[in-house]
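Whatever order the structure lists ligands and atoms in, that order sets their numbers, starting from 1. The model shown is predicted, which means the values in this text are computed figures rather than measured ones.
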Amino acid sequence: MKDRMIYHPPFPKNYADEFLVLEKGKGSWVWDRSGKRYLDFSSGIAVNALGHGRIDLARVAYRQMKKLTHVSNLFTTEPALQLASRLVATGERLGGPAFAAVHFGNSGTEANEAAIKYTRVYALRTRGEGHHKLLSFTGAFHGRTIGALSLTPTEKYQKPYHPLLPGVETASFNNLNDLDRLDASYAAVFLEPLQGEGGLDQITPEFAAKLQEICHKHDILIVADEIQCGLGRTGTFFASEQLGLVPDIVTLAKPLAGGLPLSATLIPAKVNNIVHVGDHGTTFGGGPVTTAVAGKVLDIILNQDFLAEVTQKAQFFTEQLNRLQASNPSVRAVKGLGLLRGLALNLPQGSSLLSQILSDAQEEGLLLLRAGTDVLRLAPPLTVTTKELSQGCALLEKVLKKNLA
Ligand SMILES: Cc1ncc(COP(=O)(O)O)c(C=O)c1O
């Protein structure tokens, strides 16, 4: 039987040098190539919201691939048209200006690059030169391409790549006073209503209210990056809905096409009206296969019963995590919303305990994520059962006891 791990594969050194080699998945479970089974609370970093091994999604992809796989952006297809219309209509949930159009891309970072371009072109054509600045927040993660990376103020990600995009600033997340810097020189503010990679902090209602007030005053566009926290992960379609944020633009990706690469940048009419042919484009974004699968994903996620179930399961999960915190003094806080949760741990300065916990959990058959420096991130599929949530928490308790007793 093959070893579960591979060491030093021919992948660039910007990745780890050892990997667990996974072979198949079903629901909340994955199997490695040696046959060992794992409960997957990582969901491919919050991508596999509907679980693994979905025959319904595979069938849609297969049928569409046989019919038509790619057409480029010189043409369009029924699946892309239908998906765009349905995504535009989701704007009603936010209670702000309706969305008018969707730009499709292939990844989260591309969705944010599109948003950077749309907000800058909007500022330029409505207000002229000198209104191009962008603001993001401490703890944010918006992607790895240079524009999105410039909005991601984590030193280790940015440091080797200076000079980054000019005119990008960082303010302190949830700090009301720090919003006072916003004036007419800014084109847009980018934020995750619930931060994923940064450590599961969410915006406060006061912060959302003040941000909106200042941005409306100067016509600065608010871009909600819902790439990780959107599409039902927190129990509402958009996390912004329950956090009092009314964005102008929303970016979506991760679970949109059930594990295939697809992103969406949702823009309002006032932005769409000033965009010219050729301002932006993509070869693969919004192809017929990914958009057909995404249509099926939306059929499932947009069902009220589905979102109500996510909320119910999230309540159960919260109880389990609170119990875990009560029994382990090293768990400082239970964070996050819905089925995107974090356990903030008290760890000795500079310790590698978080990595040890992840690797011990893997050994026990539980896949977890990290967020920031001291938070364990849990993102089970939205289709997880309460039994699986209990199983995961029991394994987690064992691993925490071993490492943090
Ligand atoms: C909130 C958020 N924005 C953007 C991205 C970038 O997405 P991608 O890795 O698909 O480019 C991520 C990825 O983790 C994310 O969590």
Side-chain angles (χ1 to χ4, degrees), residues 11-12 14-15 41-49 103-119 134-154 156-158 161 165 168 170 173 188-203 222-234 237-240 243 245 247 249-266 282 284-287 290 293-294 297 335-342 367-372 375 377-379:
F11 300 149
N14 49 293
Y15 289 115
F41 278 17
S42 69
S43 298
I45 320 190
V47 167
N48 302 304
H103 170 79
F104 289 122
N106 309 284
S107 62
T109 202
E110 280 176 78
N112 286 330
E113 291 294 332
I116 291 170
K117 291 175 85 173
Y118 287 131
T119 56
L134 304 173
L135 189 72
S136 66
F137 296 98
T138 48
F141 187 90
H142 295 296
R144 303 278 195 164
T145 50
I146 291 295
L149 177 67
S150 304
L151 294 164
T152 300
T154 301
K156 70 173 178 190
Y157 298 150
Q158 289 189 339
Y161 301 110
L165 199 64
V168 179
T170 310
F173 191 62
V189 174
F190 282 69
L191 76 163
E192 294 165 83
L194 167 63
Q195 293 190 332
E197 306 294 311
L200 288 311
D201 287 310
Q202 68 206 49
I203 49 165
I222 298 176
V223 181
D225 177 340
E226 295 237 5
I227 286 163
Q228 185 155 166
C229 63
L231 290 165
R233 173 116 324 252
T234 64
F237 188 74
F238 296 112
S240 294
L243 292 174
L245 183 69
I249 292 180
V250 174
T251 54
L252 298 172
K254 288 186 181 282
L256 182 55
L260 296 181
L262 177 67
S263 63
T265 305
L266 282 54
T282 165
F284 286 111
T290 52
V293 175
V297 169
K335 301 174 81 178
L337 285 170
L339 292 176
L340 182 57
R341 309 308 294 257
L367 304 184
L368 301 172
L369 298 164
R370 65 166 72 221
V375 178
R377 184 169 27 145
L378 310 139

Distance-only donor-acceptor check, side chains Q228 and Q195, under 3.5 Å: no
Identify the protein heavy atom lying closest to atom 14 (O) of ligand 1, giving its residue, its atom name and the separation to 0.1 Å. K254 NZ, 3.0 Å
Working for ring pair (Phe, Tyr, Trp, His ring centres under 6.0 Å), residues F190 and F137: CA-CA 8 Å; F190 282 69; F137 296 98; over 10 Å; no
Using side-chain heavy atoms (C-beta onward) and a distance below 4.5 Å, is T251 in contact with E226? no
Considering only protein heavy atoms, determine whether one is less than 4.0 Å from atom 8 (P) of ligand 1. yes
Answer yes or no: are there more than 12 heavy-atom neighbours, outside Y157 itself, under 6.0 Å from its atom OH? yes
Would S263 and E110 count as a side chain to side chain donor-acceptor pair (under 3.5 Å) here? Give the steps. CA-CA 7 Å; S263 63; E110 280 176 78; 5.6 Å; no
Does N112 approach ligand 1 within less than 4.0 angstrom via side chain, backbone, both or neither, non-hydrogen atoms only? side chain
Taking distance alone, with N or O pairs closer than 3.5 Å, would you say G108 contacts ligand 1? yes
Taking S43 for its side chain and A46 for its backbone only, find out whether a donor-acceptor pair lies under 3.5 Å. no
Polar atom proximity, I227 to ligand 1 (N or O, under 3.5 Å): no
Nearest-contact summary for atom 16 (O) of ligand 1 - protein heavy atom, Å: Q228 NE2, 2.7 Å
Check whether any heavy atom of D225 sits under 4.0 Å from an atom of ligand 1. yes
Tell me whether E192 has any N or O atom under 3.5 angstrom from an N or O of ligand 1. no
Nearest 0.5 Å please: distance from the CZ atom of R377 over to the CG atom of L369. 4.5 Å
Could you see which bit of E197 sits under 4.0 Å from ligand 1, with heavy atoms only: side chain, backbone, both or neither? side chain
Identify, for atom 6 (C) of ligand 1, the protein heavy atom at the shortest distance, and state residue, atom and that distance. T109 N, 3.7 Å
The single option from D225, T109, T152 passing side-chain hydrogen bond (donor to acceptor under 3.5 Å, both in side chains) against H142: D225
Counting only heavy atoms, which portion of R144 has something under 4.0 Å from ligand 1: side chain, backbone, both, or neither? neither
Any idea which protein heavy atom is nearest atom 2 (C) of ligand 1, and the distance to it? F141 O, 3.2 Å
